[in-house]
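First up is the structure itself, then whatever we jot down about it.
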Amino acid sequence: AVGSGGTILKTARSEKFMTLKGLKTANKQLMERGIEGLIVIGGDGTFRGASEFSNLFPRPIIGIPATIDNDLYGTDFTIGYDTAINTVVEAVDKIRDTADAHNRLFIIEVMGRDAGFIALRSGIAVGAEAVLIPETKSSLNKLIERLKKGWHRQKKSSIVIVAEGDDAGGAFEVAKKVKEKFGNYDTRVSILGHIQRGGAPSCMDRVLASRLGVEAVNVLCSGKAGVMVGLVNKDQFLYTPFDKASKHHQEINKDLLQLVEVLSI
Ligand code: F6P
């Protein structure tokens with residue numbers, strides 16, 4: 001249904017599909033059902049699998065970008081990202097109430113094993129004092145300086161958003177290191193975890209999925225293959241070869257990083 005999350009096909013992260021035997025079985029299933037082309041929905045793993053599959057058993061495959069991480073090249077936004085960041089914002093707003101009430105520092109870990117898009121955008125939206133992401137080298141000294149400044153200005157609370165793949169470590173590690181050097185704040189850690197990967201999709205995600213879905217069908221029917229359909233600059237469709245979409249992470253917007261610093265002074 002249009003308003004549900006998850007998968008109905010249950011082909012996500014299939015271990016069988018990673019073996020030759022599994023690929024052969026998939027091909028057999030498609031042959032028996034007369035399926036001549038495929039539209040696959042997912043991230044880099046999905047596109048790698050699709051490329052391998054079509055190299056062995058040629059048939060046209062078109063990709064649709066869907067991952068909460070938003071880390072694919074060739075589209076401004078991936079399906080699932082907007083829902084995930086809205087979930088983060090809702091959760092952190094609630095945590096902020098406790099943080100304010102008890103003058104606490106919260107170190108909050110969000111998903112993003114290799115990418116900081118969730119951390120960065122949700123960090124801006126919740127007015128985080130700092131955001132730590134894998135794409136930039138994190139300086140704990142700089143973080144502590146920032147927290148000290150806030151403390152001396154009698155900020156009621158501080159929130160630090162850490163992407164799980166950050167080089168400074170996860171939220172527990174960051175909290176431990178901060179406490180060692182600056183113990184003024186009563187500090188807590190919160191790992192938001194898998195609430196970020198489920199639930200009813202946001203309006204933005206539903207519209208994005210609808211647009212990309214229809215375009216993928218058009219592209220498949222036009223005879224193209226081996227590309228991911230993306231949307232860039234709001235309204236422009238872009239067709240990116242699978243290997244380019246998955247190997248080249250889109251760049252983190254430096255202006256957004258700057259914004260966190262400006263807004264949290
Ligand atoms: O697709 C990557 C991702 O969304 C990461 O950001 C996150 O670390 C991971 O999935 C969670 O995966 P799992 O459910 O296997 O823990």
Side-chain angles (χ1 to χ4, degrees), residues 4-19 22 40-52 63-92 107-126 128 131-136 138 160-175 189-202 204-205 208-209 212 228 230 240 242-253 256-257:
S4 351
T7 166
I8 49 166
L9 288 176
K10 308 220 178 185
T11 51
R13 295 187 183 174
S14 161
E15 293 199 356
K16 275 192 209 153
F17 197 73
M18 293 177 194
T19 64
V40 297
I41 307 168
D44 50 356
T46 305
F47 300 148
R48 269 198 310 273
S51 293
E52 233 171 82
I64 296 183
T67 158
I68 61 163
D69 294 338
N70 203 41
D71 60 348
L72 291 171
Y73 180 87
T75 192
D76 288 344
F77 296 108
T78 53
I79 300 165
Y81 174 62
D82 186 67
T83 305
I85 52 180
N86 277 298
T87 302
V88 172
V89 168
E90 198 188 331
V92 178
I107 313 281
I108 302 175
E109 184 177 303
V110 299
M111 279 187 167
R113 214 171 0 218
D114 309 303
F117 296 95
I118 295 180
L120 183 55
R121 209 163 270 261
S122 59
I124 292 169
V126 300
V131 172
L132 306 184
I133 56 172
E135 290 85 348
T136 58
S138 299
V160 176
I161 305 282
V162 184
E164 65 175 315
D166 188 67
D167 56 288
F172 278 108
E173 231 175 306
V174 171
V189 168
S190 188
I191 313 263
L192 297 188
H194 288 80
I195 59 163
Q196 294 160 91
R197 282 178 59 120
S202 66
M204 289 283 279
D205 268 336
L208 179 65
L212 293 177
M228 178 197 90
T240 307
F242 284 147
D243 61 332
K244 191 167 182 198
S246 54
K247 276 195 211 125
H248 301 261
H249 196 293
Q250 65 163 302
E251 294 219 348
I252 281 282
N253 183 337
L256 295 186
L257 266 176

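In each ligand, atom 1 is the first atom listed, and ligand 1 is the first ligand listed.
Judged by distance alone, with hydrogens and angles left aside, the side-chain atoms of Gln196 form a donor-acceptor pair with the main-chain N or O of Met111 at under 3.5 Å. Between the side chain of Glu164 and the backbone N or O of Gly112 there is at least one donor-acceptor pair closer than 3.5 Å. Not one N or O on the side chain of Thr67 forms a donor-acceptor pair closer than 3.5 Å with the backbone of Gly42. In this structure, the side chain of Asp167 engages the main chain of Ser138 through a donor-acceptor pair within 3.5 Å. Judged by distance alone, the side chain of Glu109 and the main-chain N or O of Gly170 form no donor-acceptor pair under 3.5 Å. The backbone N or O of Thr78 sits nowhere less than 3.5 Å from a side-chain atom of Thr75 that would complete a donor-acceptor pair.
For the pair Arg13 and ligand 1, the shortest N or O to N or O distance falls below 3.5 Å. The shortest N or O to N or O distance between Met111 and ligand 1 is not below 3.5 Å.
Those atoms of ligand 1 with a heavy atom of Ile68 less than 4.0 angstrom away are 4 (O). Atom numbering of ligand 1 starts at 1 in the shown order; those under 4.0 Å from a heavy atom of Glu164 are 5 (C), 6 (O), 7 (C), 8 (O). Numbered from 1 in the order shown, with element, the atoms of ligand 1 that lie under 4.0 Å from a heavy atom of Arg197 read 1 (O), 3 (C), 4 (O), 9 (C), 10 (O), 11 (C), 12 (O).
Regarding atom 16 (O) of ligand 1, its nearest protein heavy-atom neighbour is His194 NE2, 3.2 Å. At the shortest separation from atom 2 (C) of ligand 1 among protein heavy atoms lies Asp69 OD2, 2.9 Å.
A pairwise comparison of heavy atoms in Ala66 and Ile41 identifies CB-CG2, 3.5 Å as the closest pair.
For Gln196, the heavy-atom gap to ligand 1 stays at 4.0 angstrom or more. Distances from ligand 1 to the non-hydrogen atoms of Gly43 include no value under 4.0 Å.
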